[in-house]
Participant: 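Here's a structure for you.
Indexing begins at 1, ligand by ligand and atom by atom, following the structure's order. Basis for what follows: all heavy atoms, side chains included, without hydrogens, waters or symmetry-related copies.
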Amino acid sequence: MLRQSISEVKGVGDKLQSQLNELGLFTVEDLLFYFPHRYDSYEVKPLTELTHNEKATIEGEIVSEPALSFYGRKKSRLTFTLQVDQFAVKAVMFNRAFAKKQLNQGDTVTVTGKWDQQRLQITVSQFKKGESKSQEPIQPVYTLKEGVNLNTLRKVIKNALDDYSADIPDILPEDLALAYKLPDRPQALNQMHYPETRVMLKHAKRRFIYEEFLLFQLKMQLLRKHNRESTTGIVQPYDNDQLTAFVQSLPFELTSAQKRSLAEILNDMKSPHRMNRLLQGDVGSGKTAVAAIALYASITAGHQGALMVPTEILAEQHFHSLKEMFEGRAKVALLTGSIKGKRRREILEAVEQEEIDILVGTHALIQDEVVFKNLGFVIVDEQHRFGVEQRRSLRDKGLSPDVLFMTATPIPRTLAITAFGDMDVSVIDEMPAGRKPVDTYWVKGEMTNRVLSFIQKEIDQGHQAYVICPLIEESDQLDIQNAIDLYDQLSSVFEPSTSVGLMHGRLHNEEKESVMQQFAANELKILVSTTVVEVGVNVPNATVMVIYDAQRFGLSQLHQLRGRVGRGADQSYCILLGDPKGDVGKERMRIMTETNDGFELSEQDLKLRGPGDFFGKKQSGLPEFKVGDMVHDYRALETARKDAAEMIMENTLDHDERYKTLKEHVYSDQHLLGNVLD
Ligand SMILES: Nc1ncnc2c1ncn2[C@@H]1O[C@H](COP(=O)(O)OP(=O)(O)OP(=O)(O)O)[C@@H](O)[C@H]1O
């Protein structure tokens, strides 16, 4: 019945039907689940409980004769003073000249509008003469298209509720609804559209948030299970002795978090299921080390491996370090967009002939011309920078290779689990021993000279420094000009006694490589750079990171940049030069100086900016929810995840009578399953 056309609902004629269709509403169910995006309440509150800029309703007596003035061609302003308890509040009403006749000194009125706490002033958008009734209704506000009137929409929703409530299936099993004290579905639906009290509305929302998260989690987890059980990946019988010898040859002992993650990865490799795993860890926590070991395991199992990274600089760096690590054990090659002509052809051929064991590169790795003979393992660094398309194309290469995604962006765990619900997640939540937290300072621009002396002091002690120049988002060209200017300026301060290098995205590949190598070899003491060094660059002797105009960067980016220092045993420093104007900017600087923990920081960032912005809306691929908010309602999200896991693991979803309706509902949604499947 709920799947019937919206035209079956009383009051929906042809015209309204097509208007509702435009809003994406086609069935009775669509209409019932078209929730308000906001609720306005005209409940009178005492002045002492109001907050600045809130939309408020107050009640009082008019104690001055309302004064009307005109300005512009047709604009008017009506002002009067309201006595509210012991306070005199100024009320201002724009362009409602007609109200002058209705409002008189001595009248009691109830007004609604934007509250200015500092000036004790209200900008009135609605008014009513007389005292407010104690139980003013809560007003739902819907997103509407032109032509559809709010009252009409409310009326047809009401008709649908009256006539179809009996058909609304209660998809949650009773035990869960009872355990979480959730109202039943028809009742909750009624409250969403016609809330009686704030409390009842809250419970109704709670129900739909949980329901929405649970359905999402069930679908994602079913999909993961399906992937694991049905895809035939490759078994990688790696050589344990060789692997152990390799791990022992490393100059450090793995942390227990690294060991745990490695064990999880190796387990996936041994199994015939295709690995689809996210390796997550704070900057410098040793993800690359784990990935390299896993790559080596794949080589000992007789397969080729690929490592795909977001920048050429990083590709170069990984190429060099893997080459050194795998000396005498495996053959490593580099492929980036700027390797062309004969050299490129040679590499491609060697890859196809399996003369190369490990190919390191940028996006170039997934182009059609690259053919692996025996690809078994693919690592993708900085996963969120790669689009879904690229992921898919990667998977399609070779023999359903095991895929490990690495991310240095510390996505809060709840979010990772939700967003990447079809992946397994390994977390490195521990830093290598002996690391000291980076000391972070926020200083104003006028202190630049002192910052420069500080750099000199660190260099005198044998260390090195990065200086990141301001970011100008609108223009790549300006970014580079900025870097060149800053480089000139710092060269004139520090050279010749202290060597300064310059790095930016437009340098030729050989230049980039040479600058990076000089810096890594401690021949350059100071590296002036754009954000191209943001991810992955590893020079443990660098102990100072100075960021000019730090207020222009987001928190996660600042943290990534800071992660370039503090990678060795020496005390490191991050200096944020900046004069943020707004509160958010100041808050960002403050958070940076207070925590070194990327996970905590990203939680804060999410609060400041919302999940979409954290990853860049387009690239995020994060699911959108109708009622729930992944950040605000993360507890419900976590609960739903656990419940879904239990239902799937214990097979209750499939076999328990009580879960029958829920199961039907989950399996009926081909849309989401289809989306995630391809
Ligand atoms: N267990 C360990 N003990 C000591 N040092 C380690 C350990 N693991 C890795 N390292 C060193 O710490 C530095 C950072 O490691 P790695 O590059 O693997 O981290 P990462 O998590 O990949 O960093 P980023 O996120 O910045 O790319 C490297 O110099 C590496 O050699």
Participant: Under a heavy-atom criterion of less than 4.0 Å, does Gln560 contact ligand 1?
Facilitator: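 Gln560: no contact with ligand 1 (<4.0 Å).
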Participant: Just say parallel, tilted or perpendicular for the rings of Tyr441 and Tyr573, cut-offs at 30° and 60°.
Facilitator: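 Ring orientation of Tyr441 relative to Tyr573: parallel.
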Participant: Can you find a non-hydrogen atom of Gly563 under 4.0 Å from ligand 1?
Facilitator: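 No, Gly563 has no heavy atoms under 4.0 Å from ligand 1.
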Participant: Record the part of Gln258 in heavy-atom contact with ligand 1 below 4.0 Å; permitted values are side chain, backbone, both and neither.
Facilitator: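 The answer is the side chain of Gln258.
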Participant: Only heavy atoms of Thr255, strictly under 4.0 Å: list the atoms of ligand 1 that pass.
Facilitator: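 Matching atoms, with element in brackets: 1 (N).
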Participant: Any heavy atom of Glu253 sitting closer than 4.0 Å to ligand 1?
Facilitator: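 Right, Glu253 reaches ligand 1.
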Participant: Ignoring hydrogens and geometry, is there a side-chain-to-backbone donor-acceptor pair from Glu513 to Ile313 under 3.5 Å?
Facilitator: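 Looks like no, no N/O pair under 3.5 Å.
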Participant: If the cut-off is 4.0 Å to any non-hydrogen atom of Arg564, which atoms of ligand 1 fall inside it?
Facilitator: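 Counting from 1, the qualifying ligand atoms are 26 (O).
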Participant: Say whether, by atom type as modelled, one donor and one acceptor occur between the side chain of Asn374 and the main chain of Gly302 under 3.5 angstrom.
Facilitator: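 Side chain of Asn374 to backbone of Gly302: a pair is present.
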Participant: Quick one about Thr407 and Gln280 (side-chain donor to acceptor, distance below 3.5 Å, no hydrogens or angles considered), yes or no?
Facilitator: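 No, Thr407 and Gln280 have no side-chain donor paired with an acceptor closer than 3.5 Å.
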Participant: Using only heavy-atom distances, determine whether the side chains of Asp402 and His273 contain a donor-acceptor pair under 3.5 Å.
Facilitator: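 No.
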Participant: Could you tell me whether ligand 1 has any atom less than 4.0 Å away from a heavy atom of Gly284?
Facilitator: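 Gly284 counts as a contact of ligand 1 under the 4.0 Å cut-off.
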Participant: Begin with the C-alpha distance, continue with both residues' side-chain angles, and end with the deciding distance and a verdict on salt bridge (charged side-chain N to carboxylate O under 4.0 Å, His left out) for Lys457 and Asp460.
Facilitator: CA-CA 5 Å; Lys457 219 174 80 198; Asp460 292 344; over 6 Å; no
Participant: Once you restrict to heavy atoms under 4.0 Å, what part of Asn538 touches ligand 1? Side chain, backbone, both or neither.
Facilitator: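 Asn538 to ligand 1: side-chain contact only, backbone stays beyond 4.0 Å.
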Participant: Any nitrogen or oxygen of Val283, side chain or backbone, less than 3.5 Å from one on ligand 1?
Facilitator: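 No, there is no polar N/O contact under 3.5 Å.
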Participant: Can you confirm if the NZ or CZ of Arg277 lies within 45° of the ring axis of Phe405 and under 6.0 Å from the centre of its six-membered ring?
Facilitator: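 Ring-cation test returns no.
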Participant: Determine whether the side chains of Ser426 and Arg260 contain a donor N or O and an acceptor N or O closer than 3.5 Å.
Facilitator: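 Per modelled atom types, Ser426 and Arg260 side chains form no pair under 3.5 Å.
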Participant: Below 3.5 Å, N or O to N or O, backbone or side chain included: is there any such pair between Ala433 and ligand 1?
Facilitator: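 Looking only at distances, the answer is no, because the N/O contact criterion of under 3.5 Å is not met.
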Participant: On a heavy-atom basis, I'd like to know which of Lys287, Met431, Gln280 is closest to atom 20 (P) of ligand 1.
Facilitator: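 When every heavy atom of Lys287, Met431, Gln280 is considered, Lys287 comes closest to atom 20 (P) of ligand 1.
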